[in-house]
Amino acid sequence: MTLQQEIVGNAMQMAVVNLHPGQTVYCEAGKFLFKTTNVTMETRLSGPNGGGQQQGGGGGMGGMLRQAMGTAMQVGQRMLAGESMAFQYFSAQGGEGTVGFAGVLPGEMRALELTGTRAWFAEKDAFVAAESTVEFGIAFQGGRTGMSGGEGFILEKFTGHGTVIIAGAGNFIDLNPADFGGRIEVDTGCVVAFEEGIQYGVQRVGGLNRQGLMNAVFGGEGLSLATLEGNGRVILQSLTIESLANALKKAQGGDKQGPTGGLFSTHTG
């Protein structure tokens, strides 16, 4: 059953989801806004199809131990990724119900439809809510790529069938690298999500020469750019968390970045 949802608002969007009886949607803790009284809310440590939620709980003590270990691994992965420890689950009882969700930054939201053929990857904190038929996981990029790219080291991964709702900062633009010669290069903080099949990497901004150093020091991008290659959807955002944080610091008279905005930035958040 397709999830009925509507994304409303402008500068700070929210997703209003209509649940049929017995239909379940889950969100990361902290993304819930409101619900009707016939929608139940339950907080769990496990994902929708793993850990303590495995059907039947068979196998006696051995089965319970396996479930507990599975849940612990899920929680450990989410904590390592900086995500919340728990999910909140919402189900309609005795009729249709409504529940609302939102992200944590001013910006857009997007509903992605998974058909089971391609997974989706998203930056940390992009996940808002999903049907219980969508599996939430953590994907680890290669150490060299991830450590260089910051946002790229740990990604959220969505598989299965159904609707998943993500959020980002500023406005979104959808691109396909195949329409631009097969490859695009972007600020590492601009990547919101991309389909499975897109190759994600990080490259140095220019060489270790005069122009390369000028790009790093004065260009505002630091030493690296994200690269996205292949044929598939890519969602980028117009506002990065770092630029938002720096703008707020500057407005409060506490700008530590200085005029360069690149290699010499002292921003640590």
Side-chain angles (χ1 to χ4, degrees), residues 1-9 13-56 67 70-71 74-75 77-78 81 83-104 108-139 155-168 172 174 192-197 232-233 235:
M1 184 180 297
T2 302
L3 186 68
Q4 294 184 2
Q5 52 77 31
E6 180 183 9
I7 295 176
V8 299
Q13 293 188 323
M14 68 180 73
V16 180
V17 177
N18 185 56
L19 293 174
H20 294 286
Q23 194 173 24
T24 299
V25 64
Y26 69 100
C27 74
E28 186 180 33
K31 304 292 178 70
F32 162 73
L33 291 180
F34 68 90
K35 68 180 184 67
T36 53
T37 56
N38 68 316
V39 173
T40 63
M41 179 172 64
E42 181 182 0
T43 301
R44 308 173 192 164
L45 293 178
S46 58
N49 298 312
Q53 282 184 253
Q54 291 178 0
Q55 294 292 328
Q67 291 178 16
T71 298
Q74 291 180 17
V75 172
Q77 282 190 337
R78 293 200 297 270
E83 310 288 351
S84 65
M85 292 179 60
F87 291 120
Q88 292 177 301
Y89 292 78
F90 302 86
S91 300
Q93 306 293 330
E96 294 186 353
T98 302
V99 58
F101 306 99
V104 296
E108 287 197 44
M109 302 179 72
R110 185 66 56 83
L112 306 174
E113 298 298 332
L114 275 64
T115 62
T117 58
R118 277 192 175 188
W120 271 89
F121 297 89
E123 68 166 348
K124 294 184 296 181
D125 296 325
F127 173 67
V128 175
E131 288 183 84
S132 59
T133 52
V134 173
E135 184 71 19
F136 176 99
I138 300 297
L155 298 170
E156 299 173 336
K157 182 179 181 181
F158 309 104
T159 55
H161 295 76
T163 305
V164 57
I165 300 171
I166 61 173
F172 286 173
D174 289 68
V192 179
F194 53 90
E195 283 185 300
E196 185 177 24
R233 286 178 62 192
I235 301 175

Practice task
Find the distance between OG1 (T159) and CZ (R118) and round it off to the nearest 0.5 Å.
Solution key: 15.0 Å

Problem - Polar side-chain atom of E156 near backbone of D125 as donor-acceptor pair, under 3.5 Å - result: yes

Practice task
With the side chain counted from C-beta on, respond yes when P21 and E96 share a heavy-atom pair under 4.5 Å apart, and no when they do not.
Solution key: yes

Practice task
Answer yes or no: is there a side-chain heavy-atom contact under 4.5 Å between E131 and Q23?
Solution key: yes

Completion exercise
Note: M109 and A15 closest approach over all heavy atoms is SD-N, 3.7 Å

Exercise for the section: For residues T98 and V16, determine if any side-chain heavy atom of one lies less than 4.5 Å from a side-chain heavy atom of the other. Expected result: yes

Practice task
Would you check if W120 and I166 make a side-chain contact, meaning some heavy-atom pair closer than 4.5 Å?
Solution key: no

Completion exercise
Nearest heavy-atom contact between R233 and E195 is N-OE1, 2.8 Å

Handout entry: Option passing side chain to side chain contact (heavy atoms under 4.5 Å, CB included) with L112 (candidates T163, I165, I235)
Key = I235

Fill in the blank from the handout: Looking only at heavy atoms, the pair that brings K31 and G103 closest together is CD-CA, 4.2 Å

Handout entry: Spatial distance of atom CD (Q13) from atom CD1 (I7) [nearest 0.5 Å]
Key = 6.0 Å

Problem - Intermediate values then yes/no, ring pair (Phe, Tyr, Trp, His ring centres under 6.0 Å), Y26 and F90 - result: CA-CA 6 Å; Y26 69 100; F90 302 86; 9.9 Å; no

Practice task
Taking the side chain as every heavy atom from C-beta outward, state whether V134 and F127 have any atom pair closer than 4.5 Å.
Solution key: no

Handout entry: Sidechain-backbone polar pair: H161 side chain, L114 backbone, donor-acceptor under 3.5 Å
Key = no

Problem - V192 side chain reached by F194 side chain, heavy atoms, under 4.5 Å - result: no

Handout entry: Rounded distance (nearest 0.5 Å) linking atom CD of E28 with atom CZ of F87
Key = 7.0 Å

Exercise for the section: Would you name the heavy atoms of V128 and C27 that are closest together and state the gap between them? Expected result: O-CB, 3.0 Å

Exercise for the section: Please name the pair of heavy atoms, one in V25 and one in A130, separated by the smallest distance, quoted to 0.1 Å. Expected result: CG2-O, 3.0 Å

Practice task
Measure across A86 and T43 and return the closest heavy-atom pair with its distance rounded to 0.1 Å.
Solution key: CB-CG2, 3.6 Å

